[in-house]
Amino acid sequence: MPSQDNAFFSQQFDQALGGCKQGWKVLRTRGPGKITFWFIALLVGIAAGFAALFFRKGINWLQATLYGTDNVQFLHSFLAGLPWYWVVLIPTLGGLLVGLILHRFTRDGRARSVGDVILGAALHDGRVETRAGVASALASLITLSTGGSSGREGPVVHLAAVISTKVSRLIKADGITGRDLLGCAVAAAVSASFNAPIAGALFALEVVLRHFAVHAFAPIVIASAAGTVINRLEFGGLTEFVLPSLGDVQFYVELPAFLLLGLTCGVVSVVLMRSIFWAEDFGNYLQARTGLARWLRPAVAGAILGIIALWFPHIIGVGYETTSRALVGELVLHEVIIFAVLKVAAVAITLGGRMGGGVFSPSLMVGALTGLAFGLIATGVFPEISGSSSLYALAGMGAVAAAVLGAPISTTLIVFEMTGDWQTGLAVMVAVSMSTALASKLVDRSFFLTQMERRGIHLAAGPQAYLLSMFMVGRIMRRPDDEDAASEDACWDLIDKGTYIDGSATLEAALPLFDQTHSNFIPVVTLSADAPPELLGALFHVDALKAYNRALAATAAEEHS
């Protein structure tokens with residue numbers, strides 16, 4: 001019996017020793033590389049955090065300089081004492097300068113934002129446009145400083161993505177590494193903007209990378225923590241908003257009201273998003289009909305905003321003053337409704353006029369106003385069973401923002417970390433879940449993914465849809481001199497029947513042709529207006545499916561690593 005025990009323990013010892021040796025081998029071969037990458041993630045996080053800080057400070061300085069106020073937190077109140085022509089002139093000139101910058105440094109006169117970062121993560125190995133990105137950040141800074149009614153978080157996220165793109169190109173990062181660095185930069189930018197490290201990390205995973213792979217979690221958390229440290233070195237541990245005591249939720253009686261609030265906020269978020277898209281389409285229509293130069297479009301939008309601000313100055317800028325007043329219940333019902341409607345219109349004018357900026361801060365303001373309006377009505381009708389109307393404002397703020405961003409998890413955490421109130425979590429989560437569920441059915445999941453869908457990029461449908469657009473037919477086809485190539489006579493027979501595809505097309509256009517023609521291959525040609533088609537080769541169905549399957553397998557492997 002003792003000999004059997006000795007043999008057993010000897011076997012266990014050998015297995016443990018072998019495991020230690022294998023672990024040491026992994027540490028020697030892979031450990032330094034992993035540690036080096038985490039160090040790079042830390043540096044990217046620090047750089048993105050400082051970019052967010054300087055962007056915020058730059059807005060405050062430029063606003064204070066242009067409007068002549070010492071406290072930009074109360075800019076809306078200060079505007080009432082300015083001459084009317086100055087209120088109109090500042091956003092108009094700001095829009096003109098924005099238009100000139102975007103016209104000069106972007107190919108389409110459009111400021112880049114979060115949607116382009118999501119696109120870079122999905123289709124471009126974590127890279128974004130750097131030249132257009134820097135120009136967009138400058139344009140958005142001017143927009144927010146001179147009266148544009150949008151948010152600073154979208155431009156900061158894209159500016160952080162520009163930093164990670166520079167680093168990815170410098171170290172020649174592959175797709176997975178490039179996307180991880182992009183997530184690190186975004187996490188740091190968000191956490192530095194909101195003093196919200198948990199939400200910053202989850203935002204990068206939930207919204208930008210759109211997966212929760214374990215390999216990406218550690219570096220993203222490191223970068224997010226770095227961004228938060230930078231914020232706190234400047235602003236301390238203060239939250240963005242200070243709330244009154246909200247009291248307890250009467251769970252069995254009041255919770256259904258938050259379900260209804262969530263549905264209401266879902267509708268409001270869809271109205272906000274569609275208003276922006278309608279303004280964009282209407283601006284395109286007017287620009288085409290009138291022949292207005294694209295660099296003048298932001299100036300026209302700025303002039304309209306300035307005129308509105310003569311009577312309703314709360315639409316100017318990010319809007320945190322009005323949001324704070326809504327959260328503490330300082331507004332009456334008719335003010336809340338008017339402010340919410342005008343803010344939606346102002347955001348649509350700003351973004352439809354291509355002035356730049358993001359949608360997160362406006363969605364917070366619209367959500368807080370919506371929640372407060374709902375709370376004032378609810379507490380007025382059922383005063384004996386209702387809590388504070390400010391609690392409804394808090395829940396509404398999270399609900400509208402979550403639906404617009406398509407990010408219920410990270411938005412809920414951002415609201416908690418921005419307010420420092422974790423006791424009302426159930427009410428906020430209920431409202432957020434209902435608004436997100438409803439809004440995602442009425443748009444393509446979020447504002448950003450709907451933006452991409454409007455450009456013909458199907459990110460909302462998942463990798464199985466957008467991966468097809470990554471493969472050019474010309475790179476997968478078999479040329480006439482390749483082994484097992486299609487015969488030229490067979491190709492020309494199909495061309496004469498109208499079955500062919502241009503070499504610059506993608507698999508997104510090619511695969512439906514196989515279903516329509518039931519052919520094993522499709523001729524690939526070059527097309528020009530004044531010349532007959534020139535045969536380049538043939539795309540075989542099996543080759544297209546192999547390329548697609550390899551891409552799907554690589555995506556699945558990354559998401560589950």
Side-chain angles (χ1 to χ4, degrees), residues 45 48-49 52 114 151-154 156-157 160 183-213 216-232 235 237-243 246 249 258 261-262 265 269 320 323 327 358-361 363-365 367-368 371 391 393-437 439-440 445-448:
V114 178
R152 67 171 183 259
E153 295 74 29
V156 164
V157 166
C184 293
V186 169
V190 173
S191 63
S193 295
F194 295 114
N195 189 17
I198 302 173
L202 289 179
F203 181 89
L205 294 166
E206 184 181 22
V207 176
V208 176
L209 299 186
R210 302 178 68 210
H211 65 68
F212 291 88
F217 189 74
I220 285 177
V221 167
I222 291 171
S224 184
T228 304
V229 168
I230 291 168
N231 176 285
R232 294 185 180 182
F235 301 107
L238 299 176
T239 58
E240 196 72 48
F241 302 110
V242 179
L243 301 182
L246 299 178
V249 180
F258 288 97
L261 172 63
C265 289
S269 67
Y320 280 170
T323 305
L327 289 175
V359 295
F360 185 71
S361 294
S363 67
L364 290 177
M365 178 175 167
L391 176 57
L394 175 64
M397 182 173 74
V400 172
V404 171
L405 269 65
I409 299 173
S410 52
T411 304
T412 300
L413 288 172
I414 285 176
V415 170
F416 290 155
E417 292 186 284
M418 288 179 70
T419 59
D421 192 308
W422 298 83
Q423 304 303 317
T424 56
L426 184 59
V428 175
M429 287 191 294
V430 166
V432 164
S433 63
M434 296 304 296
S435 68
T436 306
S440 64
R445 296 184 180 270
S446 72
F447 174 79
F448 310 121

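In this view, S410 and E206 satisfy the side-chain hydrogen bond (donor to acceptor under 3.5 Å, both in side chains) rule, not counting sequence neighbours. In this structure F203 satisfies the ring pair (Phe, Tyr, Trp, His ring centres under 6.0 Å) test with no other residue, sequence neighbours excluded. Residues that satisfy the side chain to side chain contact (heavy atoms under 4.5 Å, CB included) test with A192, not counting sequence neighbours, are A52. Remark: T412 engages F416, V428, M429, V432 in a side chain to side chain contact (heavy atoms under 4.5 Å, CB included) (not counting sequence neighbours). Remark: R445 pairs with L449, A460 by the side chain to side chain contact (heavy atoms under 4.5 Å, CB included) rule, at least two apart or across chains. In this view, S435 and C265, A399, A403 satisfy the side chain to side chain contact (heavy atoms under 4.5 Å, CB included) rule, not counting sequence neighbours. The ring pair (Phe, Tyr, Trp, His ring centres under 6.0 Å) check on F360 picks up F194, with sequence neighbours excluded.
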Please report, to 0.1 Å, the donor-acceptor pairs under 3.5 Å made by any side chain of residues 218-229, with sequence neighbours excluded.
residue, atom, partner, partner atom, Å
S224, OG, P197, O, 2.6
T228, OG1, S224, O, 3.1

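A407 approaches V207 most closely through the heavy-atom pair CB-CG2, 3.3 Å. The minimum heavy-atom distance between L364 and T323, with the atom names listed, is O-CG2, 4.2 Å. Nearest heavy atoms, A368 versus L327: CB-CD2, 4.3 Å. For the pair A216 and L205, the tightest heavy-atom approach, listed with the atom from each and the gap, is CB-CD2, 4.4 Å. Residues A427 and A395 approach most closely at O-CB, 4.1 Å, considering heavy atoms. Between V156 and S193, the closest heavy-atom pair is CG1-OG, 3.8 Å.
Distance check: T411 OG1 to L405 CG gives 5.0 Å after rounding to the nearest 0.5 Å. Atom CZ of F235 sits about 11.5 Å away from atom CD1 of I230, to the nearest 0.5 Å.
Side-chain contact between V190 and E153 is absent, with no heavy-atom pair separated by less than 4.5 Å. Put simply, the side chain of S269 reaches to within 4.5 Å of the side chain of V400, judged on heavy atoms. F447 places none of its side-chain heavy atoms less than 4.5 Å from the side chain of V114.
For residues 395-407, the set of pairs meeting the side chain to side chain donor-acceptor pair (under 3.5 Å) definition, not counting sequence neighbours, is empty.
Formation of a donor-acceptor pair under 3.5 Å by the S191 side chain with backbone atoms of A188 is found in this model.
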